[in-house]
Amino acid sequence: MNVKNKFMFATGIENSYPMITLPDGTRKRVDEMEKCGHYKHWKQDFHLVKEMGIEFLRYGPPYFSVNTGPGQYDWSFVDETFRYLEELKITPIVDLCHFGLPDWLENFQNPDFPVHFEEYALAFAKRYPYIQFYTPVNEIFVTAAFSGQYGWWNEKGTSDRTFVTALKHLCQANVLAMNAILTVQPEAIFVQSESSEYFHPETPDCDHLATFLNQRRFLSLDLSYGYPISVSMYEYLLENGMTKKEYRWFENNVIKGSCVMGNDYYVTNEHMVHEDGSTSAAGEIFGYYVITRQYYSRYKLPIMHTETNIAEPNAVRWLQTQWANVRRLKRDGIPIYGFTWYSLTDQVDWDSALRDDAGRVNSLGLYDLDRKIRPVGQAYKELIRQWQPALEDEKYVLHFKPGIHQ
């Protein structure tokens with residue numbers, strides 16, 4: 001299909017739902033749509049999207065409550081919300097798995113997860129066959145790291161082996177879901193929202209580890225896109241539980257549809273590597289332009305800036321910086337055709353990466369939780385108003401040709 005003269009200005013409804021462990025040892029699901037009031041204010045939220053002049057919305061049903069058991073689904077909330085999006089002519093980029101999974105699947109160490117997720121994606125596509133844009137699994141690298149290596153979410157794994165196990169299951173689920181959706185909607189476009197990472201060595205002694213981490217950051221997309229990996233990464237995967245047969249599966253099951261590489265960039269995406277092997281946030285050193293060019297040079301896919309934000313009072317300046325990076329990429333001939341401020345409203349407890357159930361409001365949205373527009377919302381609304389006509393006059397066309405990307 002052709003997407004002609006359509007730059008995708010977008011926002012999103014924050015819909016994370018990982019499981020965390022509270023200080024008393026009890027387990028709790030963090031449901032950001034509940035914490036941010038979306039279940040109560042969803043109609044108003046959609047109207048705010050229209051008020052902004054935004055046509056595309058990163059939005060996903062709560063996977064954990066929709067897929068109630070093997071082959072069992074509760075579509076009641078999904079039917080209502082997606083019908084209203086269609087009435088308002090807002091195009092959803094459907095996020096099917098966002099950091100968590102249903103209780104009955106337990107966690108991302110479960111080898112049955114990919115097949116059950118494939119069934120869920122197929123059931124969703126059959127119920128809503130008109131939907132064209134999907135993000136099957138959001139931020140695979142972050143999900144695998146926070147759940148399988150940092151010990152923060154879901155299985156609370158703290159080893160390379162649990163990280164690799166989560167990673168391979170998430171990537172397999174991602175590929176299976178995309179190819180299942182294509183059997184229903186052959187014109188589907190998959191916007192793979194993935195964090196853009198970079199690791200800076202603090203000293204020469206850190207350079208070897210930084211080089212390793214800068215190879216490992218690509219693994220989620222390497223596996224999903226069937227990209228050939230380095231010997232060191234292959235050895236790393238085999239040493240930590242992936243079999244040769246499992247790796248060959250990714251070589252033989254590439255995505256047969258149209259893919260857009262979504263790059264998420266936050267001020268926390270660049271890391272400083274220290275001599276003791278630890279890392280810390282480095283702040284913005286290279287920025288979105290440099291890091292996204294690295295990802296584009298590797299995969300040669302159309303791209304979209306699929307997530308960014310920063311808290312007040314720095315939000316307006318950050319919006320201007322990110323937009324300048326997007327414009328420079330486009331001017332330099334990189335096929336970028338979308339930008340997203342994430343999310344529509346403020347979020348809750350992301351200052352602790354959702355680990356604390358403290359109820360702290362993070363001023364990251366275009367609107368606050370009372371649905372009052374923030375300065376960055378006003379700035380984004382004006383940016384869209386000014387730039388949308390100009391972008392329509394930039395007469396390039398993206399040609400997506402269904403086939404094997406490898």
Side-chain angles (χ1 to χ4, degrees), residues 10-22 27-42 45 57-67 77-78 81 92-103 105-108 113 117 120 134-157 166-167 170 173-174 177 191-195 220 262 264-266 268-269 306-311 340-367 369:
T11 187
I13 303 295
E14 220 301 290
N15 67 325
S16 301
Y17 36 78
M19 293 291 292
I20 63 169
T21 301
L22 301 176
R27 300 278 283 164
K28 179 176 181 178
R29 185 176 297 281
V30 178
D31 184 351
E32 280 288 287
M33 288 208 290
E34 179 181 14
K35 284 192 169 190
C36 300
H38 179 67
Y39 293 135
K40 182 179 180 181
H41 301 292
W42 62 268
D45 287 348
L57 181 68
R58 290 199 59 208
Y59 187 68
Y63 174 36
F64 72 94
S65 61
V66 174
N67 194 180
F77 181 70
V78 192
T81 52
I93 304 172
V94 180
D95 186 343
L96 291 178
C97 178
H98 202 117
F99 297 150
L101 66 180
D103 290 344
L105 282 171
E106 297 181 352
N107 57 56
F108 295 113
F113 160 62
F117 185 69
Y120 171 62
Y134 286 90
T135 301
V137 182
N138 173 72
E139 287 194 343
I140 293 172
F141 183 86
V142 171
T143 306
F146 286 18
S147 300
Q149 190 149 54
Y150 298 167
W152 293 353
W153 297 343
N154 302 308
E155 56 262 48
K156 293 178 64 66
L167 182 76
L170 286 157
N174 196 42
V191 183
Q192 189 59 54
S193 178
E194 191 60 80
S195 63
S220 56
D264 303 348
Y265 183 78
Y266 295 94
T268 53
N269 281 47
T306 37
E307 281 188 29
T308 196
N309 66 43
I310 201 167
T340 313
W341 184 273
Y342 197 87
S343 51
L344 178 72
T345 69
D346 288 349
Q347 301 170 16
V348 181
D349 291 327
W350 258 111
D351 54 312
S352 66
L354 304 182
R355 290 174 289 168
D356 297 336
D357 186 33
R360 287 187 296 269
V361 176
N362 311 135
S363 58
L364 303 170
L366 300 170
Y367 293 82
L369 293 185

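Along the sequence shown, residues carry numbers from 1.
- With hydrogens and angles ignored, the 3.5 Å screen pairs a side-chain donor or acceptor of T81 with a backbone N or O of V78.
- The minimum heavy-atom distance between M33 and G60, with the atom names listed, is CE-O, 3.8 Å.
- Contact detail for I20 and R355: the closest heavy-atom pair is CD1-O, 3.5 Å.
- Scored by the side chain to side chain donor-acceptor pair (under 3.5 Å) test, N309 finds no partners at all (sequence neighbours excluded).
- The side-chain heavy atoms of T143 and P18, taken from C-beta on, include no pair separated by under 4.5 Å.
- Looking at S193 and D264, their side chains do bring a donor and an acceptor atom within 3.5 Å of each other.
- If you take CD on E307 and OH on Y266, they are separated by 3.5 Å, rounding to the nearest 0.5 Å.
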> Stepwise, does the side chain to side chain contact (heavy atoms under 4.5 Å, CB included) test hold for E14 with V348?
Replying inline: CA-CA 10 Å; E14 220 301 290; V348 181; over 6 Å; no
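- Among T306, T135, N174, the one residue that satisfies the side chain to side chain donor-acceptor pair (under 3.5 Å) test with Q192 is N174.
- In this structure, OG1 in T21 is found 9.5 Å from CG in N154, a value given to the nearest 0.5 Å.
- Between atom CG of residue D346 and atom CZ of residue R360 there is a gap of 14.5 Å, rounded to the nearest 0.5 Å.
- Under the rule for a ring pair (Phe, Tyr, Trp, His ring centres under 6.0 Å), the partners of H38 that lie at least two apart in sequence or sit in another chain are F46, Y59.
- Atom CG in L369 sits 10.0 Å away from atom OG in S363 (nearest 0.5 Å).
- Here the closest non-hydrogen pair linking A353 and W153 is O-NE1, 3.0 Å.
- Considering all non-hydrogen atoms of both residues, L105 and F113 come closest at CD1-CD1, 4.1 Å.
- The shortest side-chain heavy-atom distance between V30 and D357 does not fall under the 4.5 Å cut-off.
- Judged as a side chain to side chain contact (heavy atoms under 4.5 Å, CB included), and not counting sequence neighbours, the contacts of S195 are E139, F141, V142, E197, N269.
- With sequence neighbours left out, F64 forms a ring pair (Phe, Tyr, Trp, His ring centres under 6.0 Å) with Y17.
- For Q149, the CD atom sits in a packed shell: over 12 heavy atoms of surrounding residues, nucleotides or ligands are nearer than 6.0 Å.
- Considering N138, N15, T11 as possible partners of R58, the one that fulfils the side chain to side chain donor-acceptor pair (under 3.5 Å) test is N138.
- Nearest heavy atom pair, residue W350 against residue Q347, reads CD1-OE1, 2.9 Å.
- You'll find the side chain of D103 reaches within 4.5 Å of the side chain of R29, heavy atoms only.
- Counting heavy atoms from C-beta on, the side chains of K156 and R27 come closer than 4.5 Å.
- Legend: residues meeting ring pair (Phe, Tyr, Trp, His ring centres under 6.0 Å) with Y63, ordered by chain and number and at least two apart, are F117, Y120.
- Remark: Y39 engages F77 in a ring pair (Phe, Tyr, Trp, His ring centres under 6.0 Å) (not counting sequence neighbours).
- Rounding to the nearest 0.5 Å places CG of N362 at 4.5 Å from CG of D351.
- Here the side chains of I140 and L167 are in contact, with some heavy-atom distance below 4.5 Å.
- The two residues C36 and T345 make their nearest non-hydrogen contact at CB-OG1, 4.1 Å.
- Residue L366 holds its CG atom at 7.5 Å from OG of S343, rounded to the nearest 0.5 Å.
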